[in-house]
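Here is the structure we will look at.
Heavy-atom basis, side chains included; hydrogens, waters and symmetry copies ignored. The shown structure was predicted, so the numbers you read here are calculated from the model rather than taken from an experiment.
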Amino acid sequence: MRITNLARELWFRAFCLLCLLPLGLEAQQKSDTITNKVHQLQDVTVKARRTPQRMAVASPLQTINRKEIEGLGLQNMGDAVRRFTGASVKDYGGIGGLKTISVRSLGAEHTAVAYDGVAVSNCQAGQIDIGRFSLDDVDLLSLSIGQDNNLMQSARLFASAGVLSVYSRNPLDGTQKSHLLKAQLKTGSFGFLNPSLKWVQRIAPRTTYSISGNFLRADGGYPFTLINGKYTTKEKRKNSDIQSWHTEANLYYTLKDSSRVDMKAYYYDSERGLPGSVVLYNDQANERLWDKNFFVQTRYKKYFSQQWALQLQAKYNYSWNKYEDTDVKYEGGKQTDRNKQQEYYVSATALYQPFAGFSASLATDVAVNTLDNNLPDSPSPVRFTSLSALNIRYRWKGLTATATAVNTWVTEHVKQGEKPADRRRLSPAFSLMYRPFAEQSLYLRLMYKDTFRVPTFNDLYYLRMGNTGLRPEKAREYNVGITWNGAPFSFTDYVMVTVDGYYNKVNDKIVAFPSTYVWKMMNFGKVDITGIDVTLRTGMSVSDRLQLLFTAGYTYQKAIDVTDPTAKNYKEQIPYSPKHSGNIGLLAENDWVNLGYSLTGVGKRYSLPQNLVENQIDGYLEHTLSASRSFLLKSCKLTLQAELVNLTNEQYDIIKYYPMPGRSFRVTGRIEF
């Protein structure tokens, strides 16, 4: 009865906010003809979404656009995200390997992923596999660290330590075309085959829909070198295959009053082998993973006037996976785990700008998450989450100050066993940006943010490892930086430089810790993270027919464990956090062929808490070359592209004992009607 009452209360609050707030603003909608003209201008602005500003923001923001993704020959989402300074990607190898992102060593659970403005969730594990998102339809990737500059977003994104935003777009925006058909075929090494098809149709002046689908398969059997003491052998990766289907439908609708409605339906279905670690001569792997994920989301955005704006979001997410391991150690020779997650989510954000220089927004989210599985004595938890974020921003001359307070309330219900106590917390954030010289694009910035992440269902309930007494993991972020944009040399169109120093502190870090005969999830860790991020971006017009784009990034990061002064790993680098990492990118555009070169470098890391030689993972440099050219053939456009990945055939691990592919190639053919 109690859980029913809580659910009713939460949904009633959401219903009131979503339904009554527009009524309260109705008076703003009934305006004179001058206001109507302003509405029309807002409609144009919404359609022409531009790249987020990298310089004039109080928190670090990095972006990669469509041209860079194609020109640098980036193969998947993990390759693209690795080009962001301060971000690390755990990659278990191969095309089908799981890929998760962590910002400034805070952990994947502290990093939110948003797809077209709506957050992606995984309440079971807390980590989003970014490898399942295709780069084909991505128009822009952005990574904001700390506080995002956009006040019109959900409370869930305000509550995260970092946000990776994936933006697609309506290909017919800004054109007079009535339809578009795009067919594409990618093929390459290790049995890689990826055909895709997309259809976009304008069915009314203000209504467009798109349908896309792609199929991906690869055997993933790439060669690698196995070193066992004084013996070196040539091996081949096993059980690294994948086969997946991805279908997506979008509806873009602009109402007569200039408000905008975007709807998305997404389905992903995959079967993959989990290649497992390669230790000595044991390279056998019999684990399989099946994934099915469906979600439907909608977003409504309305500018009532120059003072008021409203955004509403709603989403239903269904996720099912099956894990199977064949081994004689199991009864019957096989273990099978099945998990089913569901989420019901609504969000509302109101923006108020009463006068020039002042903005305030209030965002409220309500979510219900469930998990069912076939494990013995499954508690079948149900989690209710309420998030509210109040944001205030004030601009005066060259100074911009922003303050945010996020209130979190989480309660849970289980069918059997113990459940954790309710969690409540108020998390503040504050940022300053100052432009000392009006004639110079020089900005100084300062940021502080407090975040915490609630333990996942796996942390709390997974077999004997779960611990319902876990406290939320708390993180504090401090950042001070400088950004500059100008054209100091005659041969450059522009030069953009950012330098950020940061300090993060994590308390009550959730780790698996040995307790008696079994491992147990515990609040045991304290981590101090100190680092510097530097980025450089410049464009050069060598001639009318040759343009160059150069990008570079470098990160120094010292992430040490300060949990126990008597421990052997006290003040040593935490696992999988390199001190040094960086990247370089160069694009050359001309009339004949476009060339791209990218370099990703990562220093040595350690796989276990103690920084011993036997735990060390060597650093690596990966080079990629690409060449592309487009041809106009009457009413269609043909694009051909070739990529050579890991040019030097360097063997390296991102996760210890999970070798990554060596040299490989990929060829892409794309035709648009």
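Residues R260 and D173 are paired through a salt bridge, judged by an N-O separation under 4.0 Å between the basic side chain and the carboxylate. Under a 4.0 Å N-O distance rule, the pair K264/D116 qualifies as a salt bridge. Under the 4.0 Å criterion applied to side-chain N and carboxylate O atoms, R663 and E622 are not assigned as salt-bridge partners. Taking the charged nitrogens against the carboxylate oxygens, R666 and E643 do have a contact shorter than 4.0 Å, which makes a salt bridge.
A donor-acceptor pair under 3.5 Å is absent between the side-chain atoms of S160 and the main chain of H110, judged by distance alone. In this structure, R66 contributes its side chain and V138 its backbone to a donor-acceptor pair below 3.5 Å. Using modelled atom types, one side-chain atom of S626 and one backbone atom of G71 make a donor-acceptor pair closer than 3.5 Å. Of the possible donor and acceptor atoms, none in the side chain of S212 sits under 3.5 Å from a partner among the backbone N and O of K198. With hydrogens and angles disregarded, a donor-acceptor distance shorter than 3.5 Å links the side chain of R445 to the backbone of V57. Remark: side-chain polar atoms of N646 are paired, donor with acceptor, to backbone N or O of P661 under 3.5 angstrom. Distance alone, capped at 3.5 Å, is enough to place a donor-acceptor pair between the S305 side chain and the Q307 backbone. In this structure, R395 contributes its side chain and G357 its backbone to no donor-acceptor pair below 3.5 Å. Without hydrogens or angle criteria, N594 side chain to N590 main chain gives a donor-acceptor distance under 3.5 Å. Counting only distance, with no hydrogens or angles, the side chain of R605 and the backbone of D618 share a donor-acceptor pair below 3.5 Å.
Distance check: M540 CE to L549 CG gives 8.5 Å after rounding to the nearest 0.5 Å. In this structure, OG1 in T207 is found 6.5 Å from CG in L251, a value given to the nearest 0.5 Å. Between atom CE of residue M77 and atom NZ of residue K99 there is a gap of 11.0 Å, rounded to the nearest 0.5 Å. The line from CZ of R202 to OG of S210 is 12.5 Å long, rounded to the nearest 0.5 Å. To the nearest 0.5 Å, atom NZ of residue K177 and atom OG of residue S635 are 10.0 Å apart. One finds the CG atom of N170 at 4.5 Å from the OG1 atom of T208 (value rounded to the nearest 0.5 Å).
Atom CD of E439 has more than 12 heavy atoms from other residues, nucleotides or ligands within 6.0 Å. By the neighbour-count criterion of 12 heavy atoms within 6.0 Å, atom CG of D591 is densely surrounded, having more than that number from other residues, nucleotides or ligands. Within a 6.0 Å radius of CZ in F631, other residues, nucleotides and ligands contribute more than 12 heavy atoms. Other residues, nucleotides and ligands contribute more than 12 heavy atoms inside 6.0 Å of the CZ atom of F355.
Looking at W308 and Y352, their side chains come closer than 4.5 Å, going by heavy atoms from C-beta outward. Looking at F550 and I584, their side chains come closer than 4.5 Å, going by heavy atoms from C-beta outward. At a threshold of 4.5 Å between non-hydrogen side-chain atoms, the residues Y494 and R537 count as touching. Q547 is not listed as a side-chain neighbour of V542, based on a closest heavy-atom distance of 4.5 Å or more. Looking only at side-chain heavy atoms (C-beta outward), S259 and Y300 come within less than 4.5 Å of each other. Under the 4.5 Å side-chain criterion, counting only non-hydrogen atoms from C-beta, Y434 is not in contact with T400. Between L595 and L587 there is no side-chain heavy-atom pair separated by less than 4.5 Å. Using a 4.5 Å heavy-atom threshold, the side chains of Y167 and R169 count as separate.
Nearest heavy-atom pair across Q127 and A108 is CG-CB, 3.7 Å. Across D493 and S541, no two heavy atoms sit closer than the pair OD2-OG, 2.8 Å. Nearest heavy-atom pair across I529 and L106 is CD1-CD2, 4.1 Å. Shortest non-hydrogen contact noted between F84 and L164 is CE1-CD1, 4.1 Å. Listed here is the closest heavy atom pair of L135 and I69: CD1-CG2, 4.1 Å. Nearest heavy atoms, I145 versus M447: O-SD, 3.9 Å.
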Exercise for the section: Evaluate the criterion side chain to side chain contact (heavy atoms under 4.5 Å, CB included) for residue pair Q641 and E70; output intermediate values, then yes/no. Expected result: CA-CA 9 Å; Q641 182 166 344; E70 293 181 347; 4.2 Å; yes
Practice task
Check step by step if side chain to side chain contact (heavy atoms under 4.5 Å, CB included) holds for M433 and L444.
Solution key: CA-CA 6 Å; M433 183 186 66; L444 308 177; over 6 Å; no
Problem - Derivation of the side chain to side chain contact (heavy atoms under 4.5 Å, CB included) call for L310 and F304 - result: CA-CA 8 Å; L310 175 69; F304 294 91; 3.6 Å; yes
Exercise for the section: Take R435 and S441, measure what side chain to side chain contact (heavy atoms under 4.5 Å, CB included) needs, and give me the verdict at the end. Expected result: CA-CA 7 Å; R435 185 177 185 178; S441 294; 3.9 Å; yes
Practice task
Could you go through the side chain to side chain donor-acceptor pair (under 3.5 Å) check for T349 and S361 one step at a time?
Solution key: CA-CA 7 Å; T349 305; S361 72; over 6 Å; no
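Only one option out of Q147, R393, K449 pairs with T404 in a side chain to side chain donor-acceptor pair (under 3.5 Å); it is Q147. When each of D533, N583, T85, D500 is paired with T555, the side chain to side chain donor-acceptor pair (under 3.5 Å) condition holds for D533 and for no other. In summary, of the residues considered (Q573, Q557, K558), a side chain to side chain donor-acceptor pair (under 3.5 Å) with S105 occurs for Q557 alone.
Remark: the D139 side chain and the S168 side chain contain no N/O donor-acceptor pair separated by less than 3.5 Å. Counted by atom type alone, R104 and N479 present one or more donor-acceptor pairs between their side chains at under 3.5 Å. Defined by atom type and a distance below 3.5 Å, a donor-acceptor pair is missing between the side-chain atoms of T492 and T538. Defined by atom type and a distance below 3.5 Å, a donor-acceptor pair is present between the side-chain atoms of Y597 and H623. Side-chain atoms of S142 and Q62 include no donor-acceptor pair closer than 3.5 Å.
Remark: K301 fails to qualify as a cation-pi partner of Y303 under the 6.0 Å distance and 45° angle criteria applied to the six-membered ring.
Between F430 and Y448, the gap from one ring centroid to the other reaches at least 6.0 Å. Two rings, from F190 and F192, have their centers 6.0 Å or more apart.
Ring geometry for Y115 versus Y266: interplanar angle over 60°, hence perpendicular rather than tilted (30 to 60°).
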